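Step one of this worksheet: look at the structure below.
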Amino acid sequence: QVQLVESGGGLVQPGGSLRLSCAASGFTFSSFTMSWYRQAPGKGRELVASISNFGGRTNYADSVKGRFAISRDNDKKTMYLQMNNLKLEDTAVYYCSAGLRTYWGQGTQVTVSS
């Protein structure tokens, strides 16, 4: 079965860093563009970053450019999101997605608070 499992979320102070991971199984990982989305309470899911199947192209929301870095390791079938200089407004549940929102993980909570 297809599985996407996020990990690495937690509580961090403003200016701190977290590294999220998304472990994939049950499909040909390298055939899929992968993305990170986030959803704050009462709001819809927004695209944070995406990465092409072999990592050659990346895209970032304007709000995270220069602070977040998306990457992937196709051998490990894992996608990552390095989040630096975290801000209060980054607080959300972060989800990984494969393809055009074809598959979703369960999400991992990121809370930025002083």
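The structure displayed is predicted, hence computed values, not measured ones.
No single ILVMFWY cluster, assembled from side-chain heavy atoms under 4.5 Å apart, contains both Phe68 and Leu11. Residues Tyr94 and Val5 fall into different hydrophobic clusters, defined by Ile, Leu, Val, Met, Phe, Trp and Tyr side chains chained together at heavy-atom separations under 4.5 Å. Under the 4.5 Å side-chain contact rule for hydrophobic residues, Val48 and Leu86 share a cluster.
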Between Tyr37 and Val93, does the side-chain contact (heavy atoms from CB on, under 4.5 Å) criterion hold? Intermediate values first, please.
CA-CA 8 Å; Tyr37 287 78; Val93 177; over 6 Å; no
request  = Evaluate the criterion side-chain contact (heavy atoms from CB on, under 4.5 Å) for residue pair Ile51 and Met79; output intermediate values, then yes/no.
outcome  = CA-CA 9 Å; Ile51 185 167; Met79 176 180 64; 4.2 Å; yes
Steps toward side-chain contact (heavy atoms from CB on, under 4.5 Å) verdict (Leu4, Phe27): CA-CA 10 Å; Leu4 294 171; Phe27 66 100; 3.9 Å; yes
query = Which is it for Val64 and Arg38 under the side-chain contact (heavy atoms from CB on, under 4.5 Å) test, yes or no, and what are the steps along the way?
reply = CA-CA 12 Å; Val64 307; Arg38 67 186 181 188; 3.9 Å; yes
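In this structure a side-chain-to-backbone donor-acceptor pair under 3.5 Å is present from Thr91 to Val112. Between the side chain of Arg67 and the backbone N or O of Asn85 there is at least one donor-acceptor pair closer than 3.5 Å. In this structure, Tyr60 contributes its side chain and Gly66 its backbone to no donor-acceptor pair below 3.5 Å. Remark: the backbone N or O of Gly107 is paired with a side-chain donor or acceptor of Glu6 at under 3.5 angstrom.
Using a 30° and 60° split on the angle between ring planes, Trp104 and Tyr95 fall in the perpendicular class, above 60°.
Here Asn53 contributes atom CG and Phe29 contributes atom CZ; the two are 10.0 Å apart, rounded to the nearest 0.5 Å. Atom OH of Tyr103 is separated from atom CZ of Phe32 by 5.0 Å, given to the nearest 0.5 angstrom. The distance from atom OG1 of Thr33 to atom CG of Asn59, rounded to the nearest 0.5 Å, is 9.5 Å. Note that CG of Leu18 is 8.5 Å distant from CD of Gln82, once rounded to the nearest 0.5 Å. Note that CZ of Arg45 is 8.5 Å distant from OG of Ser97, once rounded to the nearest 0.5 Å. Trp36 contributes atom CH2, which lies 13.0 Å from atom OG of Ser50 (distance to the nearest 0.5 angstrom).
At a cut-off of 3.5 Å, with distance as the only test, a side-chain donor of Asn84 or Ser17 sits close to an acceptor on the other residue. Looking at Arg72 and Asn74, their side chains do bring a donor and an acceptor atom within 3.5 Å of each other.
Across Ser35 and Leu47, no two heavy atoms sit closer than the pair CB-CD1, 3.8 Å. Across Gly26 and Lys77, no two heavy atoms sit closer than the pair N-NZ, 4.0 Å. Nearest heavy-atom pair across Ser52 and Gly56 is OG-N, 3.1 Å.
Between Lys65 and Asp62, at least one side-chain nitrogen of the basic residue sits less than 4.0 Å from a carboxylate oxygen of the acidic one, meeting the salt-bridge criterion.
At least one side-chain heavy atom of Val110 sits less than 4.5 Å from a side-chain heavy atom of Met83.
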